[in-house]
Amino acid sequence: MSLKKVKAFMSRHTVVPILLVIFVLASVLVAGFFDIRNLFNILNQNAIKGIMAIGMTFVIINGYFDMSLCTLISLTAALSCGLQSSIGLVPAILVSLAVGLIVGAINGFLVAKAGINAFVVTLALMLGCRSLSYLYSQEQSILATNDLFTDFGMGRLPFGMSYISVLFIVMLLIAHYVLRYTKHGRNTYAAGGNANAAFNAGINVTRTTFINFVICGFTGALGGVLYAAQSGASSPPLGWPDMHMLVIAGVVLGGSKLTGGVGNIWYTCGGVMILGIVANVMNLLNVQTYVSTMVTGMIMIGVLYLDKVLTERKKKESLTNA
Amino acid sequence: MTKKRLFALLCAATMTLTMTGCFGGGNASSGAASGAASGGASSAAASGDSIVIGMTVNNAGADPYQTAYYSAAEAHAKELGVELKLLDPVGDVTKQQNQIQDLISMNCDVIVLWPCNAEAGVALAKQVQAAGIPLMTANNDVAEEGRQYVTCYVGPSNILEGQQSAEQMVADIGTDAKVLYIEGQAGYTASEERHEGFEKGIEGTNIEVLDYQISDGNREKAQQVMENYLVKYAKGTVDAVFCMDDNLAIGAINAMKAAGRDDIKVYAAACGDYNTLTYIREGSLGGTAMQSPIIDAETAIDYAVRIAKGETISDYNNYMETPVATPANVDSLNITEW
Amino acid sequence: MSLSKKGGAVQVMKDWAIVGAMVVVYLIFAVLSPNFRTAENAILLLRQVSIIAIMGCGMSFAIIGGNFDLSVGSLLSLCCCMCIDLHDKIGPVPAMAVTLLVGCASGLVCGFLVGHLRLNSMIVTLGMMNVLQALTLMYTGGSSVMLKDQNVWFGQIGKGSLGPIPYVTIIMVVCIVVYATLLNKTVFGHHVLAVGSNDEACRFSGINDRKVVRNTFVLSGLSAAIAAILLCSRGGAAQTTIGQGYEFDVITGVILGGASLNGGSGNIVKTFIGVMIIGILKNGFVIVGLPYYLQWLAQCVIILLAVYVAIQSERKKGTK
């Protein structure tokens, strides 16, 4: 690959240079960061957020976003912990995932079919899920009683990679395949890029959007179940008030556009990892709370700005080349 | 175009500076380095010169009590010559999970856990034990199921605090009274335990709890809850309101003052702010267990050092003293200022 | 606009269906509880919603301009802590002036990033939320701040009342009138509506959309600062987390009020109605004695119903 090609790749995938800079800086400046155990540690810490971000990526490429995620995870975490003692582990997980599918379906129906603004719909569902979560758990934390459940959540392969990280990678590959090689994936890009043109080209935009919200509901529910497995318990405020924003931030920092039509699953993974590395570095440096909050905030704005600058440069270059 | 590129570079440089800025401010660069280097430090720990204590304290640097706790712990650790790595999950269970993983990979000699949530703390405790690092809980214990993985607990007894304050309330208003409850945060262990203590304290009496609402641990929201209570319950229908802590109690007192009501007595399960004594002196706060963050933090560090040195702690529960202050005894209690 | 006069009246009623929703919600609680329907409680309601309503005025501008401002909750915390702390140091009036300036400055930063650099408002204001939170913690060192003397006149702004009507309610009404006038009767307001509905087109028509967007954020920051002064004056103290989560109540209120989230439409009075509905639910659930968490379910249902009705009437308008 020539230097020019590398450059072109970098400016098309702006998350790569940004992530590289942050990674190199952290490795050089922070002792204990560049350590195989710590690197797996970062992957493990962000695997669940990454899984939720996968579903969010579908919705964002489609040109929408989903806020209900924030409380959906506490609902499914509570259900998976609370039901496993009465109806068994597998049914409990299935019920939780089904709830996610239902919430996703309601979102999808109201957005795609009824044509209501996605922000309004998912905000309403966020309130609804929060209410149901508190109602079901009676405002109490619920302990997971099944050892298999928590053993999975905390389990590690050799080298310290968690089972959940493995699941994350598998899901990344599936999502990559769906987006890249299936009709649904292509439809998603088309619908997000220009819904009218897609409609005129004979794409069923309504169905595409509906399916994407269901996917997002599913990954959200799965995220909740995995959080419960990882921490061995559910707590009512889990995810409140800004889990969905962190997930959306991960997707957007990766370079997907909230206007739709742009994005891929590896961008998302990179965006989530940017935030994950920053959090890990702040912990390693043992800084006061306010420093890490400040840096996180500035990184969000900074990465967004860098992405903007790099993409604009690319646009201008392609214009002058033409 | 070069201008834009320069600007981008500048941005990256600023970010670097922010990060390195944290180095200077955080006095932690050496900490991280020695943490990574002390692979087999158990023998060094025994001699006492490079003990590393890893701590994750819920809301350190965000909540007044925990902030006082934080600085006291830091000062005391310095005094004892041990290294303290104190992280703050800001109330987020998932963040605490990550921090425990980070602390494990930093090779601490002992990990002190102040769990955001007792139930979720069980898995954390299990994880630390699996990594072969001794674990101590502070201020808030993990749930029953996880205590087998914990060396000991150091801090106040939240249940006892709730119970003692409730008993004080019963002594003041009698056993046939009607009371209201203002809860802190749903799912927050200290809230739940103090509530449990409250239930114990009124056990065997005819006291009726008419209403129960949460306030998210926020004084302003507690004030709103109290305002709504005051509309709902006319003068003479309620005897007292019991709050999760002094912060909420002051919100309730503010609401009563604003409405010109003084028929309801206010109690708090526990109090971590020395200034609250003014409210007790003027009689608007009927009673609360006093819990000093300084004593709390210093005891915790002392025990952590002992564990790191390999001493055995005989008791599991090591409660600090939390005397109940009332308008009658506040001046004779001799509470040292914090 | 070829609607007959009668059709116009029906349309007006549909446009203002949200008022009907508020009345229905109020009546339900009024029937359920005699304590709810007192004049005393009505005034309490107006007092309790005032903070969120004032913030809602500014947020409406941001949303009508086509953006979100998630930073207002943290800004509220920062302004409260600064105002209380500075009150004892430099006096009440300078403290309030500084607080208002800080609010505007924070809005200006968000506005610059979103308006001039054209960054995504949601992530930028999320980032700002973190930055402001950090500034609050740095400023206070994590501890809460308190007025030394709780009986100063500054406290009266939040606690006092003119006859039966609290000052905060009066200030809220003034804010609503000013912001509504600004939106509906000034050139700037028309520009905001134009920018929100289609910023591409208005750039060609000579409106400086960057400036307009920036100013909507300044207005949002300013309203958060005003709300902060009232909030901290009422409590006489502030903790670092005092504003946490307010942004969601504010946004929910604006949405209930029916500001189209694609930008370009919205109405400050409707925002107030939306905020009122949330306030009534919060207050009513406590007084009737239902678990507080059911209020969120009620909010969920009301939002969906309100939006559904709005969409139906939109469609009818379209077919005619």
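Keep in mind that the numbers below use all heavy atoms, side chains included, and drop hydrogens, waters and symmetry copies. Note that the structure is predicted; figures quoted are calculated from it, not measured. To find a chain, count down the sequence lines: A is the first, B the second, and so on, and within it residues start at 1.
The most heavy-atom pairs under 4.5 Å with chain A, out of B:Thr94, B:Thr189, B:Val122, come from B:Thr94. For chain A, the option among B:Asp102, B:Leu84, B:Thr56, B:Ile214 with the highest count of heavy-atom pairs below 4.5 Å is B:Asp102. Interface check for chain B: of the options A:Thr293, A:Leu238, A:Asn280, the most heavy-atom pairs under 4.5 Å are formed by A:Asn280. Residue with the most contacts toward chain A among B:Gln99, B:Gln97, B:Gln185, B:Glu145: B:Gln97 (heavy-atom pairs, distance under 4.5 Å).
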Less than 3.5 Å apart, which donor and acceptor atoms pair up between the side chains of residues 143-154 of chain A and the rest of the protein, not counting sequence neighbours?
{"unit_1": "A:Asn146", "atom_1": "OD1", "unit_2": "A:Leu148", "atom_2": "N", "d": "2.9"}
{"unit_1": "A:Thr150", "atom_1": "OG1", "unit_2": "A:Asp147", "atom_2": "O", "d": "3.1"}

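Residue-level contacts of residues 112-121 of chain B with chain A, in order of numbering, are B:Asn117, B:Glu119, B:Ala120; threshold 4.5 Å between heavy atoms. Within residues 225-237 of chain A, the residues that have a heavy atom under 4.5 Å from a heavy atom of chain B are A:Tyr227, A:Gln230, A:Ser231, A:Gly232, A:Ala233, A:Ser235, A:Pro236, A:Pro237, listed by number.
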| B:Gln101 and A:Arg37: side chain to side chain contact (heavy atoms under 4.5 Å, CB included), yes or no, with the steps? | CA-CA 10 Å; B:Gln101 285 163 1; A:Arg37 225 166 26 134; over 6 Å; no
| task | Assess whether side chain to side chain donor-acceptor pair (under 3.5 Å) is satisfied between A:Asn283 and B:Asn98, documenting all intermediate values. | result | CA-CA 9 Å; A:Asn283 282 351; B:Asn98 295 347; over 6 Å; no
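Heavy-atom distances place the side chain of A:Tyr134, and not its backbone, under 4.5 Å from chain B. Only the side chain of B:Lys126 comes within contact range of chain A, with heavy atoms under 4.5 Å apart.
For residues 221-231 of chain A, there are no salt bridge (Lys or Arg N to Asp or Glu O under 4.0 Å) pairs, not counting sequence neighbours.
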